[in-house]
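Below, all heavy atoms of this structure are taken into account, side chains as well, without hydrogens, waters or symmetry copies.
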Amino acid sequence: MYDRKTWIVLALCGVLIALNIYFSSQNPPVPPVKPPTNDSPALVEGQAPAELSVESPPPPTEEELIILENEKVVFTLTNIGAGIKHAELKDQKNVGETSRVRINLHGSGPIAGFVDSKEALDTTPFAYMQDLSVSGKTAVYIAKLPSGIVAKKTFTLETETIPGAPYFLNLTLEFQNTTPAYFDLSGYGLFLGSAAPLYQAERPTHTGFFWYEGGEMHFEAATAFNGGWFSSEKSIIRSDLGEEVKYAGVTDQFFSTVIRPEKPAATRVWGKPKQVVLKANDKAVSAVRAAISLPSVNLTTDTPLTLKYRIFTGPKANTMLRKLENTKAAGDGWGDMMQYGWFGFVSRPLNWLLNTLHIGLDKLSTEQSWGLAIIFLTIIVRIFIWPLHAKSTHTMKRMSKLQPKMAELKEKYADDPNKLNTEMMGLYRKYGINPLGGCLPMFIQIPIFFGFFRMLEYAVELRNQPFLWVDDLSQPDTLTYLAGIPINILPVVMAGTSVIQMAMMPKTGDKMQQRIMMMMPLMFFFFCYNYASALALYWTTQNIFSIGQTWLMNKIPEPELVARKDGGKKSWVQRMAEKQAEMQKLQQQRGKSGGLRNVTPETPKKKGPPRTGG
């Protein structure tokens, strides 16, 4: 048997083994790290998390999908590149289908996946950290990139109370350099995803990529990559590395993907074209894919860095985006995503009024409320511009009474257009008629029309909304097809009411001008035939209102055509016309005298020999 010394040695060894096992099970102390560099505009102060280890777990060999979900969106994340494979909107259906709209459906990579300096997608498999994730709420991925950088991505559902919160994901990026050399982080970028038309007939100018820089929205449509008369075909479009980029994204007509850094930095945005097929046997349509670079930061060895971003994948709803813009936590510039263009000052209040009317009408009829809101909004706008229309109609009536006198002048001065123009201006002055009085009110209405048109064009609220026989106010109201041609009812009604309206208007101008005016309804019929039924509904309502307004104006006694005793004061138009007539008269006189004055000196005549008396 063992002696006492042997037992003492065995006991000490056992105690040492037990202590070693106990302390080995505890987390090792985190070594002190250098503070982050101050040259990064998106640097998060404080110590890096202990979970970002240099030795990342082994990546899986197959694609694994993780779901983060709330009441509006189902975010499907993939470990290949560690990003959003697609986002499915629960309350948005595809055109003519029951399936939900998927953002990044045709994406060549996940949203927020890395791209390298050559604009190539990084396909590194990331390990899903289940112990750090929260099922359905948070997903954590980690991997060692080919460059030797350890990257960790944390996706979290939005927790702040901001407008449109369900459409947001928060992204936290953590980096650690395991190489002995510096690494410029701008060599990597975040993929913004892809955007493609939602349906075959969607205009290609609706699809594109954009970025918000220097207080301005920059947008490049899918058609910008096509070559034209004065430009060649492009394979890529890059932004200039200038001011801080507050956000960037891709968009179609109604939905956008946006990545916004917590702290803006001077970064670069690029976009590339692609062709996608929406349905089997359909013609390919133009789509885009884009990315935004990371800030230029020199990542040193064992010095961690944290960047934070917000990712938006949702509808371009003007009301929601305007509320976001007024929220300090969300930042500014969101409202410019609507792409209303020059007439945004008209489109924005019209969209607000449309939504306000819908809220009230929804209590009366849920299914018909959006169509009724368009009708009531059109009536309100027409009442607002009633004085302009009345002034135009009154002037046109007075001008129509001048037609016999105008015909006499045309016959009398058929060979002298300058004299005819002068006499016509004198006739207008004599009876106190402004020749622009009938046209000017119409020109003032043009911004209202285009603003209304733009508002309805981008009104995502009208998607999937029925009205009478219309299934979707954002689409043409096609009832059936005849020999492959869609039969749309509202454009036909619109054209018919336009013809009636034109027939009721006072006749001005010569017969050729009148024929051209009568052709306008036919032109607009073909122009709007395949546009959204909401636009045809607006135009039809406007025509019906104008017919009633014209009928009421015709009931008012005709204005008397009385000559002014003082002959009338010359208007600016009349003065300009008279000056033009004088200039033309001078030109004609110069033409009769040989055009330009001859300044060539005359050749002196040679003197003959002296006469003699012989």
*Asks:* How long is the straight-line distance from CG of Asn488 back to OG of Ser533, given to the nearest 0.5 Å?
*Replies:*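 Those atoms lie 9.0 Å apart.
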
*Asks:* Give a yes or no answer on whether the side chain of Glu213 reaches the backbone of Glu244 with a donor-acceptor pair at less than 3.5 Å.
*Replies:*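 Absent.
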
*Asks:* Are any of the side-chain heavy atoms of Lys152 and Val140 separated by less than 4.5 Å?
*Replies:*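 When only atoms from C-beta onward are counted, Val140 and Lys152 do touch, with a gap below 4.5 Å.
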
*Asks:* State whether a side-chain donor-acceptor pair under 3.5 Å links Ser99 with Asn94.
*Replies:*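 Judged by distance alone, the side chains do pair up.
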
*Asks:* Among Tyr458, Tyr531, Tyr340, find the residue that satisfies the ring pair (Phe, Tyr, Trp, His ring centres under 6.0 Å) test when tested with Phe453.
*Replies:*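 Only one option passes, and that is Tyr531.
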
*Asks:* Would you find more than 12 non-hydrogen atoms of other residues, nucleotides or ligands less than 6.0 Å from Glu367 atom CD?
*Replies:*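 At most 12 heavy atoms, drawn from other residues, nucleotides or ligands, come within 6.0 Å of this atom.
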
*Asks:* Whether Lys153 engages the ring of Phe114 as a cation-pi pair (distance to the six-membered ring centre under 6.0 angstrom, angle to the ring normal within 45°) should be assessed.
*Replies:*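 Yes, cation above the ring, under 6.0 Å and within 45°.
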
*Asks:* Please determine whether a side-chain nitrogen of the Lys or Arg among Glu174 and Lys308 lies less than 4.0 Å from a carboxylate oxygen of the Asp or Glu.
*Replies:*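 Answer for the salt bridge query: no.
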
*Asks:* Strictly distance-based, threshold 3.5 Å: is any side-chain N or O of Tyr247 a donor or acceptor partner for the main-chain N or O of Gly333?
*Replies:*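 Indeed, once roles are kept as given, a pair shorter than 3.5 Å links the two residues.
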
*Asks:* Does a side chain donor of either His106 or Ser194 reach within less than 3.5 Å of an acceptor in the other side chain?
*Replies:*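 There is no such pair between these side chains.
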
*Asks:* Does one side chain, of His206 or Glu457, offer a donor that lies under 3.5 Å from an acceptor on the other?
*Replies:*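 Their side chains do contain a donor-acceptor pair, which is all the 3.5 Å distance test asks for.
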
*Asks:* Is a donor from one side chain sitting under 3.5 angstrom from an acceptor on the other, for Arg463 and Gln92?
*Replies:*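 There is such a pair (donor and acceptor under 3.5 Å, judged by atom type) between the side chains of Arg463 and Gln92.
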
*Asks:* Could you give me the CA-CA distance, side-chain angles and deciding distance for Leu121 and Phe191, then say whether side-chain contact (heavy atoms from CB on, under 4.5 Å) is met?
*Replies:* CA-CA 8 Å; Leu121 281 163; Phe191 189 56; 3.6 Å; yes

*Asks:* What is the ring orientation for Phe449 with Trp539, classed by angle as parallel under 30°, tilted 30 to 60°, or perpendicular over 60°?
*Replies:*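 If you compare the ring of Phe449 with that of Trp539, the planes turn out perpendicular.
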
*Asks:* If I take atom NZ from residue Lys316 and atom CE from residue Met337, how far apart are they, to the nearest 0.5 angstrom?
*Replies:*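 Interatomic distance, Lys316 NZ to Met337 CE, rounded to 0.5 Å: 7.0 Å.
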
*Asks:* Is there a donor-acceptor contact under 3.5 Å from the side chain of Ser239 to the main chain of Val269?
*Replies:*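 At least one qualifying donor-acceptor pair exists.
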
*Asks:* Counting only heavy atoms not in Lys234, do more than 12 sit closer than 6.0 Å to its NZ atom?
*Replies:*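 Counting neighbours around NZ of Lys234, more than 12 heavy atoms of other residues, nucleotides or ligands fall under 6.0 Å, so yes.
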
*Asks:* Are any of the side-chain heavy atoms of Ile375 and Phe467 separated by less than 4.5 Å?
*Replies:*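 Yes, at least one pair of side-chain atoms sits under 4.5 Å.
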
*Asks:* Take a 6.0 Å sphere around OH of Tyr481 and say whether it holds more than 12 heavy atoms from other residues, nucleotides or ligands.
*Replies:*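 Check fails, neighbour count at 12 or below.
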
*Asks:* Report yes if the side chains of Ile84 and Thr76 come closer than 4.5 Å at any heavy-atom pair, otherwise no.
*Replies:*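 Side-chain contact under 4.5 Å: no.
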
*Asks:* Can we say Lys85 and Glu63 salt-bridge, meaning some charged N sits less than 4.0 Å from an Asp/Glu carboxylate O?
*Replies:*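 Salt bridge between Lys85 and Glu63, a charged N being under 4.0 Å from a carboxylate O: yes.
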
*Asks:* Report yes or no: does Ser347 contribute a side-chain atom to a donor-acceptor pair with the main-chain N or O of Arg454 at less than 3.5 Å?
*Replies:*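 No, the answer is negative, given that no donor and acceptor are paired below the 3.5 Å cut-off.
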
*Asks:* We want to know whether Thr207 and Asp252 form a side-chain donor-acceptor pair, criterion being a heavy-atom distance below 3.5 angstrom.
*Replies:*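 No, no side-chain donor-acceptor contact under 3.5 Å.
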
*Asks:* Within the distance-only criterion (no hydrogens, no angle test), does the side chain of Asn298 pair as donor or acceptor with the backbone N or O of Tyr182 below 3.5 angstrom?
*Replies:*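 Not confirmed, Asn298 side chain does not pair with Tyr182 backbone.
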
*Asks:* Using a strict threshold of under 4.0 Å (side-chain N to carboxylate O), is an ion pair present between Arg310 and Glu160?
*Replies:*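 Salt bridge present between Glu160 and Arg310.
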
*Asks:* Below 4.5 Å, heavy atoms only, C-beta onward: do Tyr188 and Val115 meet side chain to side chain?
*Replies:*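 No, too far: nothing below the 4.5 Å cut-off.
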
*Asks:* Side chains of Val258 and Ile311, heavy atoms from C-beta outward: is any pair under 4.5 Å?
*Replies:*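 They are not in contact (no side-chain heavy atoms under 4.5 Å apart), so the answer is no.
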
*Asks:* Quick check: does any side chain N or O of Asp471 sit under 3.5 Å from a backbone N or O of Pro466, one acting as donor and the other as acceptor?
*Replies:*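 No, Asp471 side chain to Pro466 backbone: no donor-acceptor pair under 3.5 Å.
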
*Asks:* Considering the options Leu190, Leu192, Asn104, which one meets the side chain to side chain contact (heavy atoms under 4.5 Å, CB included) requirement together with Ile111?
*Replies:*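 Of all the options given, the one that passes is Asn104.
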
*Asks:* Mark yes when over 12 heavy atoms from residues, nucleotides or ligands other than Phe219 sit less than 6.0 Å from its CZ; otherwise mark no.
*Replies:*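 Correct, the count exceeds 12.
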
*Asks:* Side chain to side chain contact (heavy atoms under 4.5 Å, CB included) with Asn355: which of Leu353, Leu357, Asn351?
*Replies:*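 So, applying the side chain to side chain contact (heavy atoms under 4.5 Å, CB included) to Asn355 and each of Leu353, Leu357, Asn351, only Asn351 qualifies.
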
*Asks:* Can we say Arg322 and Asp332 salt-bridge, meaning some charged N sits less than 4.0 Å from an Asp/Glu carboxylate O?
*Replies:*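 So Arg322 does not pair with Asp332 through a salt bridge.
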
*Asks:* At what distance, to the nearest 0.5 angstrom, does CD of Glu325 lie from CE of Met320?
*Replies:*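 It comes to 12.5 Å.
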
*Asks:* Please check if any side-chain donor atom of Gln253 sits under 3.5 Å from a side-chain acceptor atom of Tyr199, or the reverse.
*Replies:*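 Judged by distance alone, the side chains do pair up.
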
*Asks:* Any side-chain heavy atom of Asp477 within less than 4.5 Å of one from Pro491?
*Replies:*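 Yes, close enough: below the 4.5 Å cut-off.
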
*Asks:* Take atom CD in Gln275; do more than 12 heavy atoms of anything else shown fall under 6.0 Å from it?
*Replies:*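 Yes, the 6.0 Å shell around CD holds more than 12 heavy atoms from other groups.
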
*Asks:* Classify the side-chain pair Gln542/Thr378 by whether it contains a donor and acceptor separated by less than 3.5 Å.
*Replies:*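 No, no side-chain donor-acceptor contact under 3.5 Å.
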
*Asks:* Could you tell me whether Lys137 atom NZ has more than 12 heavy atoms of other residues or ligands within 6.0 Å of it?
*Replies:*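 Incorrect, the count does not exceed 12.
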
*Asks:* What I'd like to find out is whether the side chain of Ile236 reaches to under 4.5 Å of the side chain of Trp270, using heavy atoms alone.
*Replies:*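 The answer is yes, as the side chains (C-beta and beyond) meet within the 4.5 Å cut-off.
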
*Asks:* Measuring from atom CG of Leu377 to atom CG of Leu372, what distance do you get when rounded to the nearest 0.5 angstrom?
*Replies:*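 Reported value, rounded in 0.5 Å steps: 12.5 Å.
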
*Asks:* Can a donor-acceptor pair be found, under 3.5 Å and without considering hydrogens, that links the side chain of Ser286 to the backbone of Pro204?
*Replies:*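 Looks like no, no N/O pair under 3.5 Å.
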
*Asks:* Check this for me: does any side-chain nitrogen of one of Lys279 and Glu97 sit under 4.0 Å from a carboxylate oxygen of the other?
*Replies:*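 Answer for the salt bridge query: yes.
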
*Asks:* Heavy-atom count around Asn281 CG within 6.0 Å, excluding the residue itself: above 12?
*Replies:*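 Open: at most 12 neighbouring heavy atoms sit under 6.0 Å from CG of Asn281.
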
*Asks:* For the rings on Trp334 and Tyr167, is their centre-to-centre separation under 6.0 Å?
*Replies:*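 Between Tyr167 and Trp334, which both carry aromatic rings, the centre distance is not below 6.0 Å.
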
*Asks:* After noting the C-alpha distance and the side-chain angles of Phe155 and Ile66, does the key distance pass the side-chain contact (heavy atoms from CB on, under 4.5 Å) rule?
*Replies:* CA-CA 11 Å; Phe155 295 90; Ile66 299 297; over 6 Å; no

*Asks:* Any chance CG of Asn70 has more than 12 other-residue heavy atoms, nucleotides or ligands included, within less than 6.0 Å?
*Replies:*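 For Asn70, atom CG is crowded (more than 12 foreign heavy atoms under 6.0 Å).
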
*Asks:* Flag the pair Phe452 / Leu535 as yes when at least one side-chain heavy-atom distance between them is below 4.5 Å, and no otherwise.
*Replies:*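 Result no, sub-4.5 Å side-chain heavy-atom pair not found.
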
*Asks:* Run the ring pair (Phe, Tyr, Trp, His ring centres under 6.0 Å) test on Trp211 and Phe209 for me, step by step, so that the C-alpha distance in whole Å, both residues' side-chain angles and the decisive distance to 0.1 Å come before the verdict.
*Replies:* CA-CA 7 Å; Trp211 65 96; Phe209 74 102; 5.7 Å; yes

*Asks:* Supply the atom-to-atom distance Ile374 CD1 to Leu456 CG, rounded to the nearest 0.5 angstrom.
*Replies:*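 Going from CD1 on Ile374 over to CG on Leu456, the span is 5.5 Å.
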
